[in-house]
Chemist: 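First, the structure itself, so that you have it in front of you.
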Amino acid sequence: MPQKSLADFSFLDAPSWEVAPQLLGCELERIFDDGSVVRVKIVEVEAYDQSDEASHSYRGKTMRTETMFGSSGHLYVYFTYGMHYCANIVTSGAGRGAGVLLRAVEPITGIDIIENRRKTTGVNATNGPAKLAQALGIDFDMRGHDLRSGSLRLIPYSPLPRSQIVASPRIGISRAKDTLWRFYIKDNSYVSKPN
DNA sequence: AGCGGGATTTTCT
DNA sequence: GAAAATCCCGCTT
């Protein structure tokens with residue numbers, strides 16, 4: 001398989017709420033240190049932006065959110081509830097604090113590896129932001145990782161037709177509850193909370 | 001199927 | 001010192 005050209009990642013250099021639905025159907029390839037490979041399809045995401053009260057970047061750049069203000073296509077990893085890592089794909093280019101939270105993925109290859117890592121099977125292995133982070137081995141070691149190459153790669157695809165995408169309020173936030181910045185693939189069984 | 005609580009530590013006030 | 005872009009388990013319907 002030939003390496004994708006850099007131009008294929010240019011769609012990330014746009015506002016997060018426009019990028020988010022375009023990430024649905026794209027894939028992630030994870031190559032672990034032992035050489036084993038896992039591939040998944042993105043089926044649920046949420047957009048966050050510095051203009052948005054619910055975003056970690058709302059109150060400006062901090063030590064934690066520095067990567068959100070950096071280049072598009074890098075990985076913003078945060079730690080929450082004392083035990084969970086979650087991952088965002090940074091969007092909007094340098095200077096603007098924005099990203100797209102990965103909320104659910106569908107395993108394509110390496111399902112046995114995923115289920116071993118998660119100690120569970122089926123949809124429960126990857127139908128949540130902290131679940132997929134654990135499944136893909138994402139923690140603070142991956143902070144700021146460039147998703148265009150290396151051990152975790154984004155593989156872009158053409159956008160899905162709008163009829164296959166559902167927009168809804170985001171999950172687990174206390175502010176900006178009415179903003180419809182959660183996007184998921186209609187009827188996909190790996191979505192964390194179908195409406 | 002749905003609710004309620006506990007886990008556990010980083011980050012910001 | 002409190003909240004957190006969550007998950008899991010156990011208990012009740």
Side-chain angles (χ1 to χ4, degrees), chain A residues 12 15-24 26 28 40 42-70 72-92 96-107 114-145 147 152 154 165-185 188-195:
Chain A
L12 298 175
S16 59
W17 60 89
E18 294 178 7
V19 174
Q22 298 182 64
L23 282 169
L24 297 175
C26 294
L28 291 166
V40 299
I42 299 171
V43 303
E44 179 184 349
V45 296
E46 284 177 1
Y48 289 89
D49 182 78
Q50 65 182 35
S51 65
D52 154 34
E53 283 196 323
S55 176
H56 292 166
S57 56
Y58 181 63
R59 307 206 177 264
K61 193 198 289 192
T62 64
M63 196 117 54
R64 174 173 67 154
T65 61
E66 193 174 1
T67 62
M68 282 187 90
F69 290 83
S72 300
H74 289 244
L75 197 69
Y76 165 54
V77 180
Y78 69 89
F79 183 73
T80 192
Y81 291 102
M83 61 184 78
H84 298 303
Y85 296 95
C86 299
N88 290 239
I89 296 176
V90 173
T91 70
S92 302
R96 187 166 190 84
V100 176
L101 171 69
L102 302 172
R103 280 202 58 91
V105 298
E106 174 180 337
I114 288 174
E115 293 184 343
N116 275 335
R117 294 187 57 82
R118 287 277 303 129
K119 309 297 180 202
T120 188
T121 59
V123 298
N124 285 133
T126 56
N127 65 349
K131 296 180 185 183
L132 73 88
Q134 186 185 15
L136 297 176
I138 295 172
D139 59 20
F140 278 157
D141 288 348
M142 308 269 316
R143 271 189 295 202
H145 175 78
L147 292 166
L152 181 63
L154 174 68
I165 298 176
V166 181
S168 81
R170 292 170 291 180
I171 310 272
I173 55 170
S174 54
R175 289 171 291 193
K177 284 182 169 170
D178 296 332
T179 305
L180 303 180
W181 280 3
R182 172 176 176 244
F183 303 92
Y184 60 89
I185 299 179
N188 186 286
S189 57
Y190 290 84
V191 168
S192 64
K193 290 172 73 176
N195 280 12

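Lettering follows sequence order; numbering is per chain, from 1.
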Chemist: Any base atoms under 4.0 Å from Phe79(A), or only sugar-phosphate, or nothing? Heavy atoms, all strands.
Modeler: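 Phe79(A): backbone/sugar contact only, no base atoms under 4.0 Å.
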Chemist: Taking Glu106(A) as the fixed residue, which of Thr126(A), Asn127(A), Asn188(A) is the one that meets the side-chain hydrogen bond (donor to acceptor under 3.5 Å, both in side chains) rule?
Modeler: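 That would be Asn188(A); it is the only one of Thr126(A), Asn127(A), Asn188(A) passing the side-chain hydrogen bond (donor to acceptor under 3.5 Å, both in side chains) with Glu106(A).
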Chemist: Output the rounded distance in Å from OH (Tyr85(A)) to P (dC7(C)).
Modeler: 15 Å
Chemist: From the options Lys193(A), Arg170(A), Arg103(A), select the one residue that forms a salt bridge (Lys or Arg N to Asp or Glu O under 4.0 Å) with Glu46(A).
Modeler: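 Only match with Glu46(A) under salt bridge (Lys or Arg N to Asp or Glu O under 4.0 Å): Arg103(A).
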Chemist: Determine the minimum heavy-atom distance between Val43(A) and Val191(A), stating which atoms define it.
Modeler: O-CG2, 4.0 Å
Chemist: Please state how far atom CZ in Arg182(A) lies from atom C1' in dT6(C), giving the value in whole angstrom units.
Modeler: 14 Å
Chemist: Starting at CE of Met83(A) and ending at P of dA5(C), how long is that distance when rounded to a whole Å?
Modeler: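 To the nearest whole Å, that distance equals 15 Å.
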Chemist: Within the 4.0 Å heavy-atom criterion, would you say Arg118(A) contacts the bases, only the backbone, or no part of the nucleic acid?
Modeler: sugar-phosphate
Chemist: With a 4.0 Å cut-off on heavy atoms, is Ile173(A) in touch with a base, just the backbone sugar-phosphate, or nothing at all?
Modeler: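 The answer is sugar-phosphate, as Ile173(A) gets under 4.0 Å only of primed atoms, P, OP1 or OP2.
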Chemist: Mind listing the closest non-hydrogen atom pair of Ser189(A) and Val123(A) along with its distance?
Modeler: O-CG1, 3.5 Å
Chemist: Just checking, Arg143(A) and Phe79(A): is the charged tip under 6.0 Å from the six-membered ring centre and within 45° of the axis?
Modeler: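 Pair Arg143(A)/Phe79(A) does not count as cation-pi.
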Chemist: Nearest to the side chain of Phe140(A), which nucleotide is it out of dT8(B), dA5(C), dT11(B)?
Modeler: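 Nearest to the side chain of Phe140(A) among the choices is dT11(B).
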Chemist: DNA chain C: Arg175(A) or Leu132(A), which has the more 5' nearest nucleotide?
Modeler: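 With Arg175(A) and Leu132(A) compared, the 5'-side residue is Arg175(A).
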Chemist: Give Arg64(A) one of three labels, base, sugar-phosphate or nothing, depending on what nucleic acid heavy atoms sit under 4.0 Å from its own.
Modeler: sugar-phosphate
Chemist: Rounded to whole Å, how long is the line connecting atom NZ of Lys193(A) with atom P of dA1(B)?
Modeler: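 Going from Lys193(A) (NZ) to dA1(B) (P), I get 16 Å.
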Chemist: Name the residue closer to the 5' end of DNA chain B, choosing between Tyr81(A) and Arg143(A) according to the nucleotide with the nearest heavy atom.
Modeler: Tyr81(A)
Chemist: Who does dA7(B) pair with, Watson-Crick or G-U, both distances under 3.5 Å?
Modeler: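 Here dA7(B) is engaged in a pair, and the nucleotide opposite it is dT6(C).
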Chemist: Rounded to whole Å, how long is the line connecting atom CD1 of Ile89(A) with atom P of dA5(C)?
Modeler: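 Roughly 19 Å, once rounded to whole Å.
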Chemist: Mind calculating the distance between NE2 (His56(A)) and P (dA4(C)) to the nearest angstrom?
Modeler: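 Answer to the nearest Å: 9 Å.
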Chemist: Would one find a side-chain N or O of Lys119(A) under 4.0 angstrom from OP1 or OP2 of dC8(C)?
Modeler: no
Chemist: What heavy-atom pair brings Glu44(A) and Ser192(A) nearest, and what distance separates the two atoms?
Modeler: OE1-N, 2.6 Å
Chemist: So which nucleotide from dA7(B), dC7(C), dA4(C) ends up closest to the side chain of Pro129(A)?
Modeler: dC7(C)
Chemist: Please give the distance between the P atoms of dC3(B) and dA5(C) as a whole number of Å.
Modeler: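 Roughly 22 Å separates the two P atoms.
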Chemist: Of all the nucleotides listed (dT11(B), dC7(C), dA5(C)), which has the minimum atom distance to the side chain of Tyr76(A)?
Modeler: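 That would be dA5(C).
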Chemist: Tell me what Ala54(A) touches on the nucleic acid: a base, only sugar-phosphate, or nothing, going by heavy atoms under 4.0 Å.
Modeler: base
Chemist: Tell me which nucleotide among dC12(B), dT13(B), dT6(C) gets nearest to the side chain of Arg59(A).
Modeler: dT13(B)
Chemist: Tell me whether the side-chain N/O atoms of Thr80(A) come closer than 4.0 Å to OP1 or OP2 in dT9(B).
Modeler: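 So the side chain of Thr80(A) is outside the cut-off, no N or O lying under 4.0 Å from OP1 or OP2 of dT9(B).
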Chemist: Measure CG/Asp139(A) against P/dT6(C) and give the value in whole Å, please.
Modeler: 18 Å
Chemist: Could you work out which one of dT6(C), dT11(B), dA5(C) sits closest to the side chain of Ser55(A)?
Modeler: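 Selected nucleotide: dA5(C).
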Chemist: Among dA7(B), dA5(C), dT6(C), which nucleotide sits nearest the side chain of Ala130(A)?
Modeler: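 Selected nucleotide (nearest to the side chain): dT6(C).
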Chemist: For Tyr78(A) and dC7(C), give me the distance from atom OH to atom C1', rounded to whole Å.
Modeler: 12 Å
